[in-house]
Amino acid sequence: VPEGEGLAACELRTSALLFQLKRLLGNQSDKGAAFKRCETCPALMSAFLRDTARGQTLARNSVKLDPTDEEALFFLGKIDLNYVWLQLDPLGKKTGWNEYWEARRSLDAVLSRNPHHVRALVARAWIDYIVDTRLPRGTKWLLDGGGGKKRAMTVIRQAADAESDFFVRAEAGFALWEMQVRERRIAEAREVALGLARDFPENQQLTDFLERTK
């Protein structure tokens, strides 16, 4: 992962670190104990928090100077989203609400100006999915993610099929695959994984999934 200090580099590093922590911590019921048993997780967490803070500061400063800065708004929303997802999923903590609201506002601002911003559509769909699948019913009503998991999956499927940059489509494809796996829609997930594996043959997670689901 690049060591640059720009917003794109911060977002890429936080995404990569989130992926590593999710893989290491898995779906164990006692997430606190799982973290304590993980020798490499504290260092990964420190790096994640450092890059999150750096990226947020850069993005917020840019938005303060220009509230319509689409790039800064997107990266602020995406970095915030990575933080919220880390707290709710691998760590199992119901926290990160300031980041949640900031992510929603930032991504909605991007999409109000550019409804076809594929990466913003994918990130915003993840917010809908998180609210619908990771939070109690009362909290869902309070946060009103804006659609729920069915809408989130529809949006991400459309994003994965959209005409866009290769890596933007790949990001949407991986998001769709992960949602399908989480929803146990294995046949659909396998179809998506086969397509992704053609472009990313060295991705071990795809290889393992395809082997398990033969």
Side-chain angles (χ1 to χ4, degrees), residues 11-12 14-28 31 74 77-94 96 99-100 103-104 107-108 110-111 115-137 139-140 143-200 203-213:
E11 187 274 323
L12 181 57
T14 57
S15 295
L17 290 162
L18 171 61
F19 175 81
Q20 290 180 66
L21 285 162
K22 286 166 64 177
R23 179 172 53 81
L24 288 166
L25 295 173
N27 296 316
Q28 299 178 62
K31 296 180 183 295
F74 166 72
K78 182 61 166 59
I79 291 168
D80 281 341
L81 176 61
N82 286 344
Y83 179 83
V84 172
W85 196 232
L86 176 69
Q87 298 298 324
L88 288 176
D89 198 33
L91 299 184
K93 296 179 180 179
K94 302 294 190 291
E99 289 81 2
Y100 167 84
R104 264 189 69 172
L107 294 168
D108 285 347
V110 173
L111 292 170
H116 303 294
H117 191 299
V118 176
R119 296 195 73 195
L121 285 167
V122 171
R124 188 62 176 80
W126 270 121
I127 289 178
D128 289 345
Y129 187 85
I130 287 170
V131 170
D132 202 21
T133 62
R134 284 292 177 271
L135 300 175
R137 181 171 298 177
T139 309
K140 291 181 192 180
L143 296 179
D144 180 23
K149 66 183 181 182
K150 288 184 178 179
R151 180 180 182 277
M153 294 183 74
T154 298
V155 169
I156 287 186
R157 178 175 286 284
Q158 291 170 348
D161 293 336
E163 288 296 327
S164 57
D165 175 84
F166 171 79
F167 287 105
V168 172
R169 290 186 65 193
E171 181 179 53
F174 275 102
L176 178 61
W177 173 58
E178 182 173 350
M179 283 189 186
Q180 289 170 333
V181 171
R182 287 174 178 274
E183 296 303 308
R184 295 180 172 81
R185 296 165 72 161
I186 301 303
E188 295 173 47
R190 182 172 172 80
E191 181 180 350
V192 173
L194 285 168
L196 290 168
R198 285 192 290 271
D199 292 324
F200 301 94
N203 185 296
Q204 192 60 47
Q205 192 175 19
L206 289 170
T207 301
D208 293 344
F209 172 78
L210 290 170
E211 186 65 29
R212 289 197 310 272
T213 57

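Quantities reported herein were computed from a predicted structural model and do not represent experimental measurements.
Between Thr154 and Lys150 the shortest side-chain heavy-atom distance does not fall below 4.5 Å. Under the 4.5 Å side-chain criterion, counting only non-hydrogen atoms from C-beta, Gln180 is not in contact with Arg190. You'll find the side chain of Glu183 stays beyond 4.5 Å of the side chain of Glu188, heavy atoms only. Under the 4.5 Å side-chain criterion, counting only non-hydrogen atoms from C-beta, Glu99 is not in contact with Ile79. With contacts defined as side-chain heavy-atom distances shorter than 4.5 Å, the pair Val122/Val168 does not qualify.
Taken from CG in Leu111 to CZ in Phe74, the straight-line distance is 9.5 Å, to the nearest 0.5 Å. Atom OG1 of Thr213 and atom CG of Asp208 lie 10.5 Å apart (nearest 0.5 Å). In this structure, CG on Leu81 lies 5.5 Å from CD1 on Ile127, to the nearest 0.5 angstrom. The CG atom of Leu21 lies 11.0 Å from the OG1 atom of Thr14; values are rounded to the nearest 0.5 Å.
When all heavy atoms are compared, the tightest approach of Val118 to Ala162 is CG2-CB, 4.4 Å. Contact detail for Gly173 and Val192: the closest heavy-atom pair is O-CG1, 3.6 Å. The minimum heavy-atom distance between Met179 and Ala152, with the atom names listed, is CE-CB, 4.1 Å. Looking at every heavy atom in both residues, Ala123 comes nearest to Leu107 through CB-CD1, 3.7 Å. When all heavy atoms of Trp126 and Ala175 are compared, the closest pair comes out as NE1-CB, 3.5 Å. The shortest heavy-atom contact between Ala197 and Leu210 is CB-CD1, 3.8 Å.
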Run the side-chain hydrogen bond (donor to acceptor under 3.5 Å, both in side chains) check on Ser15 and Glu11 step by step: do they pass? CA-CA 6 Å; Ser15 295; Glu11 187 274 323; 2.8 Å; yes

Run Leu196 and Asn203 through side-chain contact (heavy atoms from CB on, under 4.5 Å) and show every step you take. CA-CA 9 Å; Leu196 290 168; Asn203 185 296; over 6 Å; no

Assess the residue pair Gln87 and Tyr100 against the criterion (side-chain contact (heavy atoms from CB on, under 4.5 Å)); give the C-alpha distance rounded to whole Å, side-chain angles, the decisive distance to 0.1 Å, and a yes or no. CA-CA 11 Å; Gln87 298 298 324; Tyr100 167 84; over 6 Å; no

Between Gln205 and Phe174, does a side-chain contact (heavy atoms from CB on, under 4.5 Å) hold up when you go through it step by step? CA-CA 11 Å; Gln205 192 175 19; Phe174 275 102; over 6 Å; no

Applying side-chain contact (heavy atoms from CB on, under 4.5 Å), run through Leu25 and Leu91 and close with a yes or a no. CA-CA 8 Å; Leu25 295 173; Leu91 299 184; 4.0 Å; yes

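In this structure, Phe167 places its CZ atom where only 12 or fewer heavy-atom neighbours from other residues, nucleotides or ligands lie under 6.0 Å away.
A side chain to side chain donor-acceptor pair (under 3.5 Å) check over residues 157-175, counting only residues at least two apart or in different chains, returns the pairs Arg119-Glu171.
With sequence neighbours excluded, the residues that form a side chain to side chain donor-acceptor pair (under 3.5 Å) with Lys22 are Glu178. With sequence neighbours excluded, no residue satisfies ring pair (Phe, Tyr, Trp, His ring centres under 6.0 Å) with Phe19.
Using cut-offs of 30° and 60° for the angle between ring planes, the Trp177 and Phe209 rings count as perpendicular.
Not one N or O on the side chain of Lys78 forms a donor-acceptor pair closer than 3.5 Å with the backbone of Leu12.
Each of Lys149, Arg151, Arg104 was evaluated against Asp128; a single residue qualifies, Arg151, per the side-chain hydrogen bond (donor to acceptor under 3.5 Å, both in side chains) test.
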